[in-house]
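In this chain, numbering begins with 1 at the start of the sequence shown. Source: prediction; values computed, not measured. In each ligand, atom 1 is the first atom listed, and ligand 1 is the first ligand listed.
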Amino acid sequence: MTETYESDSFVRAFREAAPYIHYLRDKTVVLAISSHIVASPDFAHLAQDISLLGNLGIKVVVVHGVRKYINDLMQQSQTTLPSHLGRRITNEHTLIKVKQACGEVRFDLEAALSVGQSNSPQMLTRNRLISGNFISAKPLGVIDGIDMGYSGTIRRIDFAMIKQHLQQHCMVLVSPMGHSLSGKTYSLSMAEVAAEVAIGLRAEKLVFINEEDGVLDASGQLVRNLSANQAQELFEKTPQSKAISRLLPSTLKALQSGVRRVQYISGHLDGSLFAELFTKHGSGTSLAQNAFVHIRQAISDDIPDIIQLIRPLEEKGVLVRRSHDYLDHHINEFAMLEHDEQVYGCVALKQFPHEKMGELACLVVSPYAQEGGYGELLLEHVKNQARAAKLKTLFCLSTHTGEWFSERGFQDACIEDLPLERQRQYHQDARGSHVFVLPL
Ligand code: ACO
């Protein structure tokens, strides 16, 4: 038996994170950080983690909010902020406060993200933080008879400039303000800016970092994964906090426009960003245009993933050995289960049309994802495939997992119940597997 490093959980966590780190390298992640988080003492840890993302080769764009800073300034001057349809109405007086608040958040962010940079020359070049005049804006104008003043919307974003900085391994900081061609300044919505930046840069992920853990269901439980449709339905039925509700329109637009994942996480939870980006379960709510888990037909490119799943089990005698060549010739029989772009399981269906029978084989769920129902999903997939092919019986052979199949309706059977061709192979293999059948 192989010895295990004493901190087994570290090794497991590192192995789980590795494919995600590999996947995100050279991809763009947009982090939209609420000003409540920037102002909180918890931001120091988060800032360190953000810097580390840059060192892992991930292109990071930070968009920040200003709401808390503006509210504080308005409170100091005992003024209230009128709003319409969730957007602040910005008059000349408010605009001065917005500019002031924006400058303050920016300096706080720059300071936090600069910590530790001077210690290492490598870090200095990778994490240099660049901000600039990236957005041109236009006024929102008059809505329902209300002049929104200096509250604006995006006219254009200088993506070429942002990409150039990212290419040079800099982190880019974008503020929710823009200037018009006539030289006026407009206050913008942070969510809108973050979504448009993510869309224009074809970002892999857009992460909103707020005070809340994520989206909650009717019983107040955190919802881990949502498709765009599910999110819309849930927000209609279950009111969310103001901060989370505000994000929905930009989230849906980002997803519809090709951003693969939008994630809501808490900035108060130490490590939440890493957990969301580098683990399967994440830490907050992850939203995608379509359902998260899906099962698809395998292709030759999946062979390395199949081998990674099956080899340890072959070595333990749980599965019969299948060579690369075998997999290449029989790849059409395999289906792959993916969660969030990562492969977590496979299964094969070998058809015996003459006998109207099908063999379910090579059912494997990654050890990192077991007991989450994926085995059941793969079984359902094979049952549906078999029914679609007009097969009447599904069978499987197992040395170690008979109980799992029995609990799912398979019945003990004998070798003579198998197609003749399979009986011959059974005797050749001499593994003494138990036989199970399931009428379809
Ligand atoms: N025997 C009995 N029950 C089991 C076994 C087992 N060998 N393995 C897991 N279970 C139970 C779990 O305890 C859990 O029970 P619970 O719901 O009461 O808590 C339940 O199965 C989990 O079900 P799922 O979440 O749907 O299954 P999972 O995604 O974990 O996948 C699978 C099940 C495929 C068996 C997985 O454990 C695995 O990959 N095992 C190693 C490979 C293997 O044995 N594959 C089958 C080879 S035989 C063939 O392919 C024909």
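Of the N or O atoms in A361, none lie within a sub-3.5 Å distance of an N or O in ligand 1. Remark: ligand 1 and V318 share no N or O pair separated by less than 3.5 Å (distance only, no angle test). Geometrically, ligand 1 and E407 share no nitrogen or oxygen pair separated by less than 3.5 Å. At a 3.5 angstrom cut-off on N or O pairs, V364 does not count as close to ligand 1. Residue-to-ligand polar distances keep E403 apart from ligand 1: every N/O pair is separated by 3.5 Å or more. The N/O atoms of L363, backbone and side chain alike, include one that comes under 3.5 Å of an N/O atom in ligand 1. On a distance-only criterion, E376 and ligand 1 share at least one N/O pair closer than 3.5 Å. Distances between N or O atoms of F405 and those of ligand 1 include no value under 3.5 Å.
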Problem set entry | salt bridge (Lys or Arg N to Asp or Glu O under 4.0 Å) between K205 and E276, worked out | CA-CA 11 Å; K205 287 171 190 285; E276 189 61 39; over 6 Å; no
For this session: Let me see the working for R67 and D72 under salt bridge (Lys or Arg N to Asp or Glu O under 4.0 Å), right down to the final yes or no.
Result: CA-CA 9 Å; R67 192 174 296 269; D72 288 352; over 6 Å; no
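By the definition of a contact as any protein heavy atom under 4.0 Å away, atom 25 (O) of ligand 1 is in contact. Within 4.0 Å of atom 15 (O) of ligand 1, not a single protein heavy atom is present. Protein non-hydrogen atoms do reach within 4.0 Å of atom 12 (C) of ligand 1. Of the protein's heavy atoms, at least one falls inside 4.0 Å of atom 37 (O) of ligand 1.
Paired with E359 under the rule side chain to side chain donor-acceptor pair (under 3.5 Å), one option of Q351, R422, K350 passes, and it is R422.
Note: L337 CG to D305 CG = 12.0 Å, rounded to the nearest 0.5 Å.
For V347, no heavy-atom contact with ligand 1 is shorter than 4.0 Å. Only the backbone of L397 comes within contact range of ligand 1, with a heavy atom under 4.0 Å; no side-chain atom does.
Taking every heavy atom of L313 and a limit of under 4.0 angstrom, the matching atoms of ligand 1 come to 41 (C), 42 (C). Every atom of ligand 1 is numbered from 1 in the order shown, and the set under 4.0 Å from a heavy atom of C362 is 50 (O). The G375 neighbourhood of ligand 1 comprises atoms 26 (O), 27 (O), 28 (P), 29 (O), 31 (O), with distances under 4.0 Å to a heavy atom of that residue. Distances below 4.0 Å separate heavy atoms of L319 from the following atoms of ligand 1: 47 (C). Near H400, with a cut-off below 4.0 Å to any heavy atom, the atoms of ligand 1 are 7 (N). Taking a cut-off of under 4.0 Å to the non-hydrogen atoms of R408, the atoms of ligand 1 that pass are 20 (C), 21 (O), 23 (O). Of all the atoms in ligand 1, the ones that sit under 4.0 Å from a non-hydrogen atom of G372 are 25 (O). Residue contact check: Y374 has heavy atoms under 4.0 Å from atoms 29 (O) of ligand 1.
Under the 3.5 Å distance criterion, the side-chain polar atoms of H22 are left unmatched by any main-chain donor or acceptor of A18. Judged purely by atom type and a 3.5 angstrom limit, D417 uses its side chain to pair as donor or acceptor with the backbone of C414. Between the side chain of E212 and the backbone N or O of S266 there is no donor-acceptor pair closer than 3.5 Å. At distances below 3.5 Å, at least one donor-acceptor pair connects side-chain atoms of S151 with backbone N or O atoms of R88. Of the possible donor and acceptor atoms, none in the side chain of Y374 sits under 3.5 Å from a partner among the backbone N and O of H339.
Protein heavy atom closest to atom 33 (C) of ligand 1, with residue, atom name and distance, is W404 NE1, 3.5 Å. Protein heavy atom nearest atom 22 (C) of ligand 1, with residue, atom name and distance: E371 CA, 3.9 Å. The protein atom (non-hydrogen) at minimum distance from atom 40 (N) of ligand 1 is Q370 NE2, 3.7 Å. Among all non-hydrogen protein atoms, the one lying nearest atom 7 (N) of ligand 1 is T401 CG2, 3.5 Å.
The pair E196-K253 counts as a salt bridge, with a side-chain nitrogen and a carboxylate oxygen less than 4.0 angstrom apart. Using a cutoff of 4.0 Å between basic side-chain nitrogens and carboxylate oxygens, E314 and R322 are not scored as salt-bridged. Taking 4.0 Å as the cut-off between side-chain N and carboxylate O, E376 and R408 count as a salt-bridged pair.
The aromatic rings of F436 and H434 stand perpendicular to each other, their planes meeting at an angle above 60°, with 30° marking the opposite boundary.
Residues D108 and Y69 have side chains that bring a donor and an acceptor to within less than 3.5 angstrom of each other.
Taking only non-hydrogen atoms, the option from I310, V365, L337 nearest to atom 39 (O) of ligand 1 is V365.
Counted within 6.0 Å of CZ on R311, heavy atoms from surrounding residues, nucleotides or ligands total more than 12; the atom is thus considered enclosed.
Residues F208 and I33 form no side-chain contact, since every pair of their non-hydrogen atoms from C-beta on lies 4.5 Å or further apart.
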